[in-house]
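Worksheet: one structure, shown below.
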There are 2 protein chains.
Amino acid sequence: MVKAYCKQCSFKSLATAKLTDNELEILESGCAEVSFKTGEIIIKQNSLSNSITYIKSGLVKIHINGPVKEKIIKIIKAPKYLCLNSNFSEKINHFSATALEDTIVCFLNLESFKKFIYENGDFAYQIILDMSKNEIKDFHSCLNNAQKQTAGRIAEAILFFANEIYNSKNFTLPISRQDLGDLVGTTRESVSRILTDFHNDKIISLEGKIISILNEKLLNDISEKG
Amino acid sequence: MVKAYCKQCSFKSLATAKLTDNELEILESGCAEVSFKTGEIIIKQNSLSNSITYIKSGLVKIHINGPVKEKIIKIIKAPKYLCLNSNFSEKINHFSATALEDTIVCFLNLESFKKFIYENGDFAYQIILDMSKNEIKDFHSCLNNAQKQTAGRIAEAILFFANEIYNSKNFTLPISRQDLGDLVGTTRESVSRILTDFHNDKIISLEGKIISILNEKLLNDISEKG
DNA sequence: AATAAAATGTGATATATATCACAAGAAACT
DNA sequence: AGTTTCTTGTGATATATATCACATTTTATT
């Protein structure tokens with residue numbers, strides 16, 4: 001754990017960018033910066049939550065122990081708040097968060113956050129915008145998961161990693177087949193089969209966890225048509 | 001459309017309850033109260049959104065034209081904001097809303113709402129709490145839909161109507177079998193079959209749309225175990 | 001380097017549920 | 001009241017995907 005310097009922090013969120021110097025000092029005094037190595041647990045489901053979690057750098061999976069099996073809710077790339085939403089109304093964490101690569105996290109004092117919401121309208125509005133945008137995304141991914149069939153959901157996941165995480169058609173999958181299954185709601189076997197299908201059909205090239213998108217248009221079609 | 005009297009309104013949300021008399025007058029001046037009959041469309045997907053929608057009384061389904069077929073996202077009982085979340089960050093409505101019974105809706109001026117968030121910390125915090133609570137609920141229903149099998153999801157839906165909408169073990173289903181299928185993510189045929197199964201197993205009694213829960217414990221088990 | 005443990009690929013089989021087809025009942029309209 | 005349209009029930013069949021089983025590869029540990 002490291003003393004944080006919020007004022008000079010270059011990873012400020014849209015919300016904290018609206019804080020005054022005074023408020024940033026308050027934020028700083030209640031901020032703990034912690035490093036996590038790949039695979040380490042950042043938040044554990046059902047533990048008590050008394051701070052706001054901000055991912056300063058790195059990559060994180062948010063997962064939950066569902067009624068049937070493990071489910072990965074989403075994958076979050078820094079800089080971003082980690083499920084802001086549940087922090088305000090709930091005392092316990094409804095989910096776990098695990099680092100997918102070396103990650104730096106700021107734990108921010110919840111009470112200061114509340115104070116800023118009460119006293120700084122700009123800040124409050126940015127928080128609301130952030131929550132709002134997130135919800136719409138979650139909404140759509142939930143819908144897609146519910147209606148598309150497995151190949152479509154896997155195609156979607158590949159495009160997600162390419163476009164939103166790595167900004168490249170060539171990347172190394174940061175999760176196992178099992179995790180990819182938990183993310184899109186299928187089994188590791190089905191993931192395996194569909195990935196090799198995509199490879200055989202020259203839609204992607206696949207070598208272990210190294211993926212290159214060869215036919216983006218087709219992958220898009222599969223993702224959209226389900 | 002009727003002139004609204006927000007000050008005296010006895011259906012105030014937790015947030016608007018924090019507004020001053022002055023602010024309530026501003027709210028009132030930008031508020032239109034509209035009645036909808038059963039089956040009428042309140043909001044149409046892809047239409048422009050420039051107001052906050054508050055369900056004053058009645059019952060509403062929120063649905064979306066998914067990649068494959070229609071999906072009912074959730075059913076909302078008054079008094080409640082109708083998907084507050086998407087209102088702030090998006091100019092177009094991402095979903096449709098249809099009245100399931102006669103419903104009264106207040107369309108509130110978005111700009112006034114923003115103004116209140118900026119100027120009234122109590123109000124802003126209540127809005128954030130509301131969004132936050134909603135998200136957690138949506139979260140869980142999404143998870144359940146993804147992992148449980150059909151009988152479990154239908155059991156869950158029956159319990160939802162009993163416990164959260166009608167507060168009674170005896171109620172009349174406000175939607176068709178098709179709609180129930182769209183809500184839990186299955187076909188109308190499967191809904192039919194499972195409902196008659198439940199009836200034959202004396203878990204519910206079923207007569208058209210009239211449902212009575214006979215064995216709540218078992219229904220709960222089916223809902224939880226998936 | 002050797003051994004253990006975890007992750008992955010792939011075939012055979014089982015199963016839940018969608019789809020198709022049609023009949024019957026209820027509701028809405030003329 | 002009669003006709004049309006929408007809703008519902010139920011059987012037969014198709015199909016996507018889970019499950020099981022086992023071999024193989026990769027990664028971690030001693």
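The chains referred to below are lettered A, B, ... by the order of the sequence lines, with proteins before strands, and numbering in each begins at 1.
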| SB check A:E70 A:K61 (cutoff 4.0 Å) | no
| In whole angstroms, how far is the C1' atom of D:dT5 from the CD atom of B:Q178? | 15 Å
| said: Please tell me if B:T186 has a side-chain N or O lying less than 4.0 Å from either OP1 or OP2 of C:dT17. | reply: no
| said: Could you tell me how far apart A:I194 (CD1) and D:dT15 (C1') are, to the nearest whole angstrom? | reply: 14 Å
| field | Euclidean distance, atom CD1 of residue A:I175 to atom P of D:dT26 [Å, nearest integer] | value | 20 Å
| Separation of atom CD in B:E189 from atom P in D:dT13, rounded to whole Å | 17 Å
| message | Nearest whole Å is fine: how far is D:dT8 C1' from B:D179 CG? | response | 14 Å
| request: Could you label the plane-to-plane angle of the A:F113 and A:F88 rings as parallel, tilted or perpendicular, counting under 30° as parallel and over 60° as perpendicular? | output: tilted
| field | Short side-chain N/O contact from A:S190 to OP1 or OP2 of D:dT17, under 4.0 Å | value | no
| message | Measuring from the side chain of A:R188 (C-beta onward, heavy atoms only), which nucleotide among D:dA18, C:dG9, C:dA18 has the closest atom? | response | C:dG9
| said: Between B:R193 and B:D197 (salt bridge meaning N to carboxylate O under 4.0 Å), is one present in this structure? | reply: no
| query | Hey, does A:S192 reach any base, or is it just sugar-phosphate, or nothing, if we go heavy atoms under 4.0 Å? | reply | base
| message | Please determine whether a side-chain nitrogen or oxygen atom of A:K209 lies at a distance below 4.0 Å from atom OP1 or OP2 of D:dT26. | response | no
| When the distance from NZ of A:K69 to C1' of D:dT19 is rounded to whole Å, what number comes out? | 11 Å
| message | Would you compute the distance between atom CG of B:N109 and atom OG of B:S51 and round it to the nearest 0.5 angstrom? | response | 8.0 Å
| request: When you get a sec, tell me which of D:dA12, C:dA12, C:dT8 is the closest nucleotide to the side chain of B:R193? | output: D:dA12
| Taking CG from A:L173 and C1' from C:dG9, how many angstroms apart are they, rounded to a whole number? | 16 Å
| Gap between atoms CG and P, on B:D197 and D:dG11 respectively (whole Å) | 11 Å
| Below 4.0 angstrom from OP1 or OP2 of D:dT17, is there any side-chain N or O of A:T150? | yes
| said: If the cut-off is 4.0 Å, is B:T187 near the phosphate of C:dT17, judged by side-chain N/O to OP1 or OP2? | reply: no
| field | CD/A:E207: more than 12 non-hydrogen atoms of other groups inside 6.0 Å | value | no
| remark: From the candidates D:dA12, C:dT8, D:dT17, the one with an atom nearest any side-chain atom of A:R177 is C:dT8
